[in-house]
Amino acid sequence: NQNILLIFKRTDKGNNMNLKHQYLMNINDDDWNNLQVIRRITDTTFATLMREGLRYVVKQKLENISQRRKMSETLSNMGNV
């Protein structure tokens, strides 16, 4: 029994293209059950929860990349002294 969730879909509306990407994924039962509980408690759609999660992950990863770059530049500058 696999749970598969469609995250995004692509729609074209005349000249105003609204590009969204389709991505099917397998979600393990524990994560799916947790997501269902959160959805019920917060009265939030799966799509909204997934978008919030994606935004959170992207923000965290970009912050991590920025911190690593700063550290690398600091260490490089210390080596040039």
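What you see is a predicted model; the values in this text were computed from it and never measured.
- Distance alone, capped at 3.5 Å, places no donor-acceptor pair between the Asn64 side chain and the Gln60 backbone.
- In this structure the side chain of Gln67 never reaches within 4.5 angstrom of the side chain of Lys70, judged on heavy atoms.
- The nearest pair of heavy atoms linking Thr44 to Thr42 is OG1-OG1, 2.8 Å.
- Residues passing the side chain to side chain donor-acceptor pair (under 3.5 Å) test with Asp31, sequence neighbours excluded: Asn28.
- Across all non-hydrogen atoms, the minimal contact from Trp32 to Ile27 is N-CG2, 3.6 Å.
- The two residues Leu35 and Met50 have their closest heavy-atom pair at CD2-SD, 4.1 Å.
- Summarising the geometry, atom CD1 belonging to Ile38 is positioned 10.5 Å from atom CZ belonging to Arg40; distances are rounded to the nearest 0.5 Å.
- Once rounded to the nearest 0.5 Å, the distance linking NZ of Lys61 with OH of Tyr56 reads 10.5 Å.
- Atoms CD and CZ, from Gln36 and Arg39 in turn, are 6.5 Å apart once rounded to the nearest 0.5 Å.
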Any chance you could lay out the side-chain contact (heavy atoms from CB on, under 4.5 Å) test for Glu52 and Leu49, step after step, and finish with the verdict? CA-CA 5 Å; Glu52 288 177 7; Leu49 291 171; 4.3 Å; yes
